[in-house]
Chemist: 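For reference, the structure I am asking about is given below.
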Amino acid sequence: MKLTRPHRPRTNPLIHSKPRNLCASPNSTPKDDDENDDPHFVSNLSDVVRGKQSWKMAFSDPFISSSLKPHHVEKVLIQNIRNPRLALRFFNFLGLHKSFNHSTTSFCILIHALVQSSLFWPATSLLQTLLLRGLSPNEVFQSLLNSFKKFNCSSSLGFDLLVQNYVQNKRVLDGVVVVRLMRECKILPEVRTLNALLNGLVRSRHFNMVLQLFDELVNVGLRPDAYMYTAMVKSLCELKDLHKANEVIRYAESNGCELSVVTYNVLIHGLCKWQRVWEAVKIKNLLSRKGLKADMVTYCTLVLGLCKVQEFEVGMALMKEMIEMGFVPSEAALSGLMEGLRRKGNIEDAFDLVNKMGEVGVMPNCLLTMR
DNA sequence: GTAGGGTTAG
């Protein structure tokens, strides 16, 4: 239902302060308009936004609605930047109820303002809407940067949100573009943001990109954490640069970074993948010296790695060790080993394993193949 | 938020 026109329309403060350049050609850029604008119009807009009266009422005059331009809104947002919730409500009011076509600048001002107040969810949501406009990562970054500089923002998390958004939408390479632009402007992403990006790159098998990005950021002072080192080790392993993978771990250790068993498991898996199982076993044996313990993944990875090079007896020994330590082997490791033992005709060990498993209540599916 | 098990995007 449409609200009726106010009884005293002349009290609408906006009506008295319409911008002078109503007849400006539609092609004139907002920048040209800026200088000529009646400043009262914008400040009255701000008053209305902050005031108690109904926005619907104040903006019901079609003349006002039609003379309101994105650069006016930008100014109102800036004047209310300390109150991002209010600014957002106004922004949404215009967008939802007036179908107002906001400028990219308005989006960026609000995104930064919301982030400064830790209002990340609405900031992300705004960013998503902005990205629907199909801007290039370069364009979005430049717009964010302009407002970032203009308002002397204390937090650069708006840029992080952009990178995170690209990662979530599987646009990892666009995320890389943004991180590189950030670096050029001496803005460092959060370690968590970067880790999300690096893991996205690993998932999409852009391993060389992981190495490059890591170097670029460490060179400008970023301090990697265990997660970041793990992504590096994984990438190096996939690229078969096992020596460098080892070096990265040594480097992390010498820098006092507390690695978990996961990083070592990644290296162990890499070594197994390239048939360097004995080195992998060595890594596992050195874990206790670092205050770490081999876990299920360590053992299963090694057992499968040993099967790959037909070392079923050693695989069997490790399997026993892991069962003794109370781990229940994965179906994959179990089946791999059983199948190998069976093929080699080592039925004895195979049945030994079946009995051991019976004791802990696990029966491998592959028993069906052992008839 | 990082790891293993045949598994990979665009």
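When reading the values below, keep in mind they use all heavy atoms of this one structure, side chains included, and skip hydrogens, waters and symmetry mates. Chain letters run A, B, ... following the sequence lines, proteins first, then strands; residues in each count from 1.
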Chemist: Starting from P on B/dG6, measure out to CH2 on A/Trp274 and report it in whole angstrom.
Modeler: 17 Å
Chemist: Which residues within residues 291-315 of chain A lie with some heavy atom under 4.0 Å of an atom in DNA chain B?
Modeler: A/Asp295, A/Met296, A/Val297, A/Cys300, A/Thr301, A/Leu304
Chemist: For B/dT2 versus B/dG6, give the span between their C1' atoms, rounded off to a whole number of Å.
Modeler: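 B/dT2 and B/dG6 have their C1' atoms separated by 22 Å.
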Chemist: So does A/Val140 get a backbone contact from the side chain of A/Ser143, meaning a donor-acceptor N/O pair under 3.5 Å?
Modeler: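 Side chain of A/Ser143 to backbone of A/Val140: no pair is present.
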Chemist: In whole angstrom, give me the gap between the C1' atoms of B/dG10 and B/dG5.
Modeler: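 Taking atom C1' in both B/dG10 and B/dG5, they lie 26 Å apart.
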Chemist: B/dA3 P sits how many Å from A/Leu236 CG, rounded?
Modeler: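 Atom-to-atom, A/Leu236 to B/dA3, this comes out as 16 Å.
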Chemist: Kindly write out the residues that satisfy side chain to side chain contact (heavy atoms under 4.5 Å, CB included) with A/Thr129, not counting sequence neighbours, or none if the list is empty.
Modeler: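 Counting only residues at least two positions away or on another chain, A/Thr129 forms a side chain to side chain contact (heavy atoms under 4.5 Å, CB included) with A/Phe107.
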Chemist: Whole angstroms only, please: what is the CG-P distance between A/Leu173 and B/dA9?
Modeler: 13 Å
Chemist: Name the atoms and distances for all side-chain donor-acceptor pairs under 3.5 Å in residues 259-272 of chain A, with sequence neighbours left out.
Modeler:
from, atom 1, to, atom 2, distance (Å)
A/Ser260, OG, A/Val262, N, 3.1
A/Thr263, OG1, A/Thr230, OG1, 2.8
A/Tyr264, OH, A/Glu253, OE2, 2.3
A/Asn265, OD1, A/Thr298, OG1, 2.7
A/Asn265, ND2, A/Asp295, OD1, 3.2

Chemist: Sequence neighbours left out, what pairs pass salt bridge (Lys or Arg N to Asp or Glu O under 4.0 Å) with at least one residue falling in residues 235-245 of chain A?
Modeler: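 Qualifying pairs: A/Arg205-A/Glu238, A/Lys234-A/Glu238, A/Glu238-A/Lys273.
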Chemist: In terms of the nearest nucleotide of DNA chain B, which residue is placed more toward the 5' end: A/His269 or A/Arg203?
Modeler: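 Its nucleotide being nearer the 5' end, the pick is A/His269.
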Chemist: Let me know the distance between CG of A/Leu259 and C1' of B/dA3, rounded to the nearest Å.
Modeler: 13 Å
Chemist: Between A/Ala196 and A/Glu238, which is nearer to the 5' end of DNA chain B once each is assigned its nearest nucleotide?
Modeler: A/Ala196
Chemist: In whole Å, what is the span from the CG atom of A/Leu287 to the C1' atom of B/dA3?
Modeler: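 Those two atoms, CG and C1', are 13 Å apart.
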Chemist: If only side-chain N and O atoms of A/Arg205 are considered, is one of them under 4.0 Å from the OP1 or OP2 phosphate oxygen of B/dT8?
Modeler: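 It does, given that an N or O in the side chain of A/Arg205 lies less than 4.0 Å from OP1 or OP2 of B/dT8.
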Chemist: Apply salt bridge (charged side-chain N to carboxylate O under 4.0 Å, His left out) to A/Arg343 and list each qualifying residue two or more places apart in sequence or on a separate chain.
Modeler: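 So A/Arg343 forms a salt bridge (charged side-chain N to carboxylate O under 4.0 Å, His left out) with A/Glu339.
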Chemist: Rounded to whole Å, how long is the line connecting atom OH of A/Tyr264 with atom P of B/dG4?
Modeler: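 Going from OH in A/Tyr264 over to P in B/dG4 covers 17 Å.
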Chemist: Using whole Å, what does the distance between atom P of nucleotide B/dG6 and atom CG of A/Leu337 come to?
Modeler: 13 Å
Chemist: Using atom types as modelled, flag every donor-acceptor pair under 3.5 Å from a side chain in residues 318-330 of chain A to any protein atom, sequence neighbours excluded.
Modeler:
from, atom 1, to, atom 2, distance (Å)
A/Lys320, NZ, A/Asp352, OD2, 3.3
A/Glu321, OE2, A/Lys284, NZ, 2.9
A/Glu321, OE2, A/Tyr299, OH, 2.6
A/Ser330, OG, A/Ala333, N, 3.2

Chemist: Using atom types as modelled and distance alone, determine if a side-chain donor or acceptor of A/Ser60 lies under 3.5 Å from a backbone N or O of A/Met57.
Modeler: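 The answer is yes, because a donor-acceptor pair under 3.5 Å joins these two groups.
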Chemist: What's the NZ-P distance between A/Lys273 and B/dG6, to the nearest Å?
Modeler: 12 Å
